[in-house]
Amino acid sequence: MNNMLTIAMPKGRIFEEAVHLMREAGFPIPDELSEDSRKLIVTVPEAGLSFFLAKPMDVPTYVEYGTADLGVVGKDVLLEEERDVYELLDLRISPCRISVAGLPDWQPTLHPRVATKYPRIADRYFRERGQQVEVIRLNGSIELAPLIGLADRIVDIVSTGRTLKENGLVELETITTVTSRLIANRSSYRMKSEQIDALTCSLADTVRQGGSVR
Ligand SMILES: Nc1ncnc2c1ncn2[C@@H]1O[C@H](COP(=O)(O)OP(=O)(O)OP(=O)(O)O)[C@@H](O)[C@H]1O
Ligand SMILES: O=P(O)(O)OC[C@H]1O[C@H](OP(=O)(O)OP(=O)(O)O)[C@H](O)[C@@H]1O
């Protein structure tokens, strides 16, 4: 059996915090694993760890298919992608929320349109409330949609609230709060339980001690 643990790391916002947390938990992550580098795979044989860098939305896919044993990913992505993976630990990093937002003078319309990068989350949210909406999937700059008349409302990430404020939008409802999670492939979790449990426990201790808060 291959005893190496392969970990899918998300590029972008979560990356630095995740690396910081792992180093605090005692895992020797080399400087080579950096967003400044173009290298996508970094192996640390002496620690039995191999890391690769992926787009955040793709992390659960790599983990579900077993190309990574573990992954670090935002709860928003888990809720959107609905991949068959284990969620092992709340890492309490990269906090934000998913909210419904719109113009302050927004009025309900007969066939409301909702723009979002999270079509499943949006669809589920409005369906559970018995509200019929047309969900329009966009890839970014979601706040544009109500400003230019593409949609009545948006479902998007809010962190500081600055993007909403600078575009004259208001947060109407919070759908859920979000932090990053450690996830595992189901069969890896059975086959490599000892290694995965040890890594999860070290990270959990560090998280409990507030080690990740910077
Ligand atoms: N202000 C924020 N905006 C977006 N994501 C945030 C924010 N704060 C924390 N996050 C977390 O970071 C993750 C997104 O990271 P990032 O923006 O780097 O990736 P991305 O959405 O794939 O970006 P892009 O599509 O612009 O490359 C989200 O899944 C979420 O869990
Ligand atoms: O509340 P804030 O702190 O302003 O953060 C929220 C904004 O950040 C994200 O956008 P991102 O920067 O990823 O750009 P994007 O529009 O291209 O997705 C998100 O989609 C919001 O637009």
Side-chain angles (χ1 to χ4, degrees), residues 7-22 33-38 40 51-64 68 70-83 85 87-104 106 113-125 135-184 203 207 212-214:
I7 307 178
M9 298 288 282
K11 289 180 178 181
R13 282 189 166 90
I14 301 173
F15 180 78
E16 289 293 339
E17 276 190 274
V19 166
H20 178 79
L21 179 68
M22 285 190 173
L33 187 74
S34 145
E35 287 211 290
D36 299 335
S37 153
R38 299 293 302 161
L40 295 174
F51 298 90
F52 66 79
L53 273 172
K55 287 291 280 183
M57 279 280 187
D58 295 335
V59 165
T61 310
Y62 292 112
V63 173
E64 183 186 272
L70 297 170
V72 172
V73 68
K75 181 72 180 178
D76 51 325
V77 173
L78 289 177
L79 292 170
E80 180 61 25
E81 289 289 302
E82 296 181 320
R83 292 284 173 182
V85 295
E87 188 182 314
L88 298 181
L89 182 66
D90 183 349
L91 299 171
R92 299 195 204 154
I93 56 174
S94 301
C96 54
R97 54 195 185 271
I98 303 176
S99 295
V100 183
L103 287 162
W106 169 78
R113 294 197 300 216
V114 176
T116 186
K117 211 170 165 177
Y118 299 95
R120 284 205 185 114
I121 294 174
D123 194 61
R124 232 178 4 243
Y125 180 77
V135 173
I136 302 173
R137 202 215 127 101
L138 294 177
N139 291 302
S141 299
I142 312 297
E143 290 81 0
L144 257 183
L147 303 179
I148 58 171
L150 177 68
D152 304 272
R153 281 175 287 173
I154 61 171
V155 165
D156 198 20
I157 296 277
V158 181
S159 175
T160 60
R162 183 177 161 199
T163 312
L164 290 181
K165 193 158 179 247
E166 291 195 7
N167 290 289
L169 299 173
V170 291
E171 199 171 349
L172 301 165
E173 294 144 41
T174 299
I175 297 181
T176 184
T177 54
V178 167
T179 47
S180 299
R181 310 297 160 107
L182 179 71
I183 58 171
L203 282 172
V207 171
S212 68
V213 180
R214 285 201 288 171

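Just so it is clear, the structure is predicted and the values come from calculations on it, not from any experiment. All ligand and atom numbering here is 1-based and tracks the order in the structure.
- Evaluated for a side-chain contact (heavy atoms from CB on, under 4.5 Å) with S180, the options P56, P10, S94 yield exactly one hit, S94.
- By the 4.0 Å heavy-atom criterion, M57 is excluded from the residues contacting ligand 1.
- Between G74 and I14 the shortest heavy-atom distance is N-CD1, 3.7 Å.
- Under a 4.0 Å N-O distance rule, the pair E82/R120 qualifies as a salt bridge.
- Residue contacts with ligand 2: N139 is placed with no nitrogen or oxygen under 3.5 Å of a nitrogen or oxygen of the ligand (distance criterion only).
- Interface of V77 with ligand 1, defined as ligand atoms under 4.0 Å from a residue heavy atom, comprises 29 (O).
- Within ligand 2, counting atoms from 1 as listed, the ones closer than 4.0 Å to a heavy atom of T160 are 1 (O), 2 (P), 3 (O), 4 (O).
- Shown here, atom 4 (O) of ligand 2 is in close reach of the protein: a heavy atom of it lies under 4.0 Å off.
- Close approach to G12 involves these atoms of ligand 1, each under 4.0 Å from a residue heavy atom: 18 (O).
- Panel note: side chain T179, backbone R92; no donor-acceptor pair is recorded below 3.5 Å.
- The V158 neighbourhood of ligand 2 comprises atoms 1 (O), with distances under 4.0 Å to a heavy atom of that residue.
- Heavy-atom separations between P56 and ligand 1 include at least one value shorter than 4.0 Å.
- Remark: minimum distance from atom 6 (C) of ligand 2 to any protein heavy atom is reached at I157 O, 3.4 Å.
- The distance from the OG atom of S34 to the CD atom of E16 is 7.0 Å, given to the nearest 0.5 Å.
- In the vicinity of S94, heavy-atom distances shorter than 4.0 Å reach the ligand 1 atoms 9 (C).
- Across L79, L78, D76, V158, a single residue satisfies side-chain contact (heavy atoms from CB on, under 4.5 Å) together with V178, and that is D76.
- Close approach to K117 involves these atoms of ligand 2, each under 4.0 Å from a residue heavy atom: 18 (O).
- Shown in contact with G74 at under 4.0 Å from a heavy atom are these atoms of ligand 1, numbered in order with element: 31 (O).
- Distances below 4.0 Å separate heavy atoms of T163 from the following atoms of ligand 2: 2 (P), 4 (O), 5 (O), 6 (C), 7 (C), 22 (O).
- Between the side chain of E80 and the main chain of I121, a donor-acceptor pair closer than 3.5 Å is present.
- At the top of the distance list for atom 12 (O) of ligand 1, counting protein heavy atoms only, stands I14 CG1, 3.6 Å.
- Rounding to the nearest 0.5 Å gives a distance of 12.5 Å between CD1 of I183 and OH of Y62.
- Within ligand 1, the atoms closer than 4.0 Å to a non-hydrogen atom of V178 are 31 (O), numbered from 1 in the order shown.
- At a 4.0 Å cut-off, not a single heavy atom of K75 sits close enough to ligand 1 to count as contact.
- In this structure, of R13, R162, E143, the residue bringing a heavy atom nearest to atom 8 (O) of ligand 2 is R13.
- Here the protein heavy atom with the shortest distance to atom 24 (P) of ligand 1 is K55 NZ, 4.0 Å.
- Within the 4.0 Å heavy-atom shell around ligand 1 one does not find S180.
- Here the side chain of S99 pairs no donor or acceptor atom with the backbone of A101 at under 3.5 angstrom.
- Atom CG of residue L144 and atom CG of residue L169 lie 9.5 Å apart, to the nearest 0.5 angstrom.
- In this structure, the side chains of T174 and I98 stay at 4.5 Å or more apart for every pair of heavy atoms.
- In this structure, atom 6 (C) of ligand 1 has protein heavy atoms in its sub-4.0 angstrom surroundings.
- Side chains of L203 and M22 form a contact here, defined as non-hydrogen atoms less than 4.5 Å apart.
- Every atom of ligand 2 with a heavy atom of S141 under 4.0 Å away is listed here by number and element: 15 (P), 16 (O), 17 (O).
- Any N or O atom pair closer than 3.5 Å counts here, and G161 shares at least one such pair with ligand 2.
- Closest to atom 25 (O) of ligand 1 among all protein heavy atoms lies K117 NZ, 3.3 Å.
- Note on R113 versus D152: no salt bridge recorded, every NZ/NE/NH1/NH2 to OD/OE distance being 4.0 Å or above.
- Atoms of ligand 1 lying under 4.0 Å from any heavy atom of D76, numbered from 1 in the order shown and given with element: 28 (C), 29 (O), 30 (C), 31 (O).
- Taking distance alone, with nitrogen or oxygen atoms compared against 3.5 Å, N139 stays at or beyond that limit from ligand 1.
- Nearest protein heavy-atom contact of atom 20 (O) of ligand 2 is D156 OD2, 2.8 Å.
- In this structure, the protein non-hydrogen atom closest to atom 4 (C) of ligand 1 is R13 NH1, 3.4 Å.
- Looking at G140, C96, S159, G161, it is C96 that brings a heavy atom closest to atom 10 (N) of ligand 1.
- Contact check on R97 versus E171 returns a salt bridge, with a Lys/Arg side-chain nitrogen under 4.0 Å from an Asp/Glu carboxylate oxygen.
- Formation of a donor-acceptor pair under 3.5 Å by the D123 side chain with backbone atoms of P119 is not found in this model.
- To the nearest 0.5 angstrom, E81 atom CD is 10.0 Å from Y118 atom OH.
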